[in-house]
2 protein chains.
Amino acid sequence: MDVRTLCLGALMGGEASGYEIRKMFEDGTYSHFQMASLGSIYPALTRLTQDGMVTFVEKEQENRPDKKVYQLTSEGRRSFLRGLLQTRPGEDRYRSDILFMLTFAEELPVELTEALLDEMEARQEIALAQIDPDRKRDDTSCGIYGREENGDLKPGCKFVSGLGEAMYRATLDFIRKNKTALIDDLRARRNNHKSR
Amino acid sequence: MDVRTLCLGALMGGEASGYEIRKMFEDGTYSHFQMASLGSIYPALTRLTQDGMVTFVEKEQENRPDKKVYQLTSEGRRSFLRGLLQTRPGEDRYRSDILFMLTFAEELPVELTEALLDEMEARQEIALAQIDPDRKRDDTSCGIYGREENGDLKPGCKFVSGLGEAMYRATLDFIRKNKTALIDDLRARRNNHKSR
DNA sequence: GGGTGACTGTATCGGTCCGATATATATCAG
DNA sequence: CTGATATATATCGGACCGATACAGTCACCC
């Protein structure tokens with residue numbers, strides 16, 4: 001799923017600037033299962049403009065740098081949905097440096113392992129908190145896709161964020177339940193090695 | 001975490017060829033939380049050789065193409081562990097095209113949504129099955145890191161694979177519990193739109 | 001007998017994308 | 001009044017994936 005497609009998807013929720021699109025992938029709607037950086041978003045928007053998929057208006061702002069606010073054309077909207085019909089979605093992929101490092105827990109100082117576990121727990125907590133319990137309409141900003149007129153989440157979005165929540169909860173649960181056991185195990189092993 | 005570090009980690013379990021390292025990231029030990037392709041593994045091994053982190057022996061095989069079997073040098077091993085001590089691990093990142101597509105479920109044919117859900121369920125099942133129930137020593141192949149002399153998983157690896165299992169289970173659970181509700185919801189909505 | 005696909009291997013390359021950086025302006029805390 | 005943070009666009013080097021080439025073996029089926 002390339003960044004151009006991702007940008008089209010982001011604009012399905014209404015107009016947005018490049019900066020705002022990045023925020024959707026950084027903090028917002030898509031942050032839990034997709035990524036795109038400014039270094040790829042801006043070129044993507046330029047090409048999408050050339051191809052007639054989006055248009056933009058330059059908006060002057062008070063006390064802020066100017067904005068280019070992008071918007072889907074009807075061709076862009078059609079093309080995006082047609083694309084989804086044809087695309088074979090790529091494999092889900094989870095990447096975690098911390099888990100990779102924990103694989104070598106036996107070779108590392110126990111303190112580092114502890115720190116890694118705490119770090120991971122903290123990050124998961126933050127991510128879970130970001131999947132709003134009920135932050136219905138606090139952001140006046142850009143039109144984020146997924147809300148009904150009455151402010152409720154659309155079924156697709158509800159499902160996806162529910163799934164995200166379930167994953168974070170399961171992860172947190174597992175860490176909390178098994179953290180001390182792992183640490184104890186490592187300490188015991190460390191003592192065995194010394195005494196031998 | 002760049003591919004060179006990843007390769008050093010892979011070789012912590014013993015000697016391996018480039019092809020075998022890729023398998024660890026494709027099917028094996030690391031497949032659930034890291035990725036590296038041949039297109040980056042081979043150059044990485046070349047550079048690691050130049051830097052004295054690994055050495056290789058060319059092994060002729062019967063009925064098979066020749067192999068270059070790589071092995072950590074003591075410098076490589078030290079350098080890897082030192083690296084882990086200094087590295088700030090990158091953020092965990094989950095990427096899923098299917099979830100992105102499901103975000104737009106309302107705009108897609110219900111059949112596609114159904115297919116996506118089934119596809120995702122199937123993939124998670126496969127992944128879960130890959131996290132061994134008890135495939136202790138069936139692979140005679142390369143020395144994969146994480147086993148004790150007696151064949152048990154080392155604590156670090158046990159933790160990590162346990163966490164993986166918990167995540168897959170939670171995901172599968174959620175999909176199974178909420179799939180039909182989502183589909184029904186979408187169908188109902190479709191009828192509402194028609195009748196209006 | 002011969003085509004076809006699957007597996008083991010090494011290697012290269014185009015194109016995409018991340019991460020860092022530059023530039024500019026404004027707010028706010030200390 | 002300095003430094004951190006936020007908004008905003010834009011570029012670029014380097015890393016990495018995915019596809020492809022090349023080469024050999026095996027099993028299968030027609």
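Every chain is numbered from 1, with letters handed out A, B, ... down the list of sequences. Side chains are part of it too, since the values below use all heavy atoms of this structure and drop only hydrogens, waters and symmetry mates.
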Atom pair distance, as rounded to whole Å: NZ in B:K67 and P in C:dT10: 8 Å

Rounded interatomic separation in angstrom, taking CZ from A:R22 and P from D:dT7: 8 Å

In whole angstrom, what separates A:Y19's OH from C:dA24's P? 18 Å

Look at the side-chain N and O atoms of B:K68 and state whether any lies under 4.0 Å from the OP1 or OP2 oxygen of C:dA11. yes

Whole-Å gap separating P (D:dG18) and CZ (B:F25): 14 Å

Between B:D66 and A:R47, name the one whose nearest nucleotide on DNA chain C is closer to the 5' end. B:D66

So, applying salt bridge (Lys or Arg N to Asp or Glu O under 4.0 Å) with B:D173, which one of B:R176, B:K177, B:R169 is it? B:K177

For atom CD of A:E58 and atom C1' of D:dA8, their distance in whole Å: 11 Å

In terms of side-chain heavy atoms of A:R93, which of D:dG18, D:dA8, D:dT11 is nearest? D:dG18

Spacing between B:R95 atom CZ and D:dC17 atom C1', to the nearest angstrom: 12 Å

Tell me which nucleotide among C:dA11, C:dC17, C:dG9 gets nearest to the side chain of A:D2. C:dC17

Going by an N to O cut-off under 4.0 Å, is there a salt bridge joining A:E106 and A:R189? no

For the pair made of OH in B:Y42 and P in C:dT8, what is the distance, rounded to whole Å? 12 Å

Atom pair distance, as rounded to whole Å: CD in A:E26 and P in C:dC18: 11 Å

Lys/Arg N to Asp/Glu carboxylate O, A:R78 vs A:E75, below 4.0 Å: yes

Determine, stepwise, if the pair A:Y70 / A:F56 fulfils ring-ring contact (aromatic ring centres under 6.0 Å, His included). CA-CA 4 Å; A:Y70 291 85; A:F56 67 91; 5.3 Å; yes

Just to verify, what does B:R77 make a side-chain hydrogen bond (donor to acceptor under 3.5 Å, both in side chains) with, not counting sequence neighbours? A:E107

Between the main-chain N or O of A:C157 and the side-chain N or O of A:S161, is there a donor-acceptor pair closer than 3.5 Å? yes

Identify, residue by residue, the members of residues 33-41 of chain A with a heavy atom below 4.0 Å from DNA chain D, and return them in order of residue number, or none. A:L38, A:G39

Knowing that exactly one of B:E58, B:E20, B:E60 qualifies, which makes a side chain to side chain donor-acceptor pair (under 3.5 Å) with B:K67? B:E20

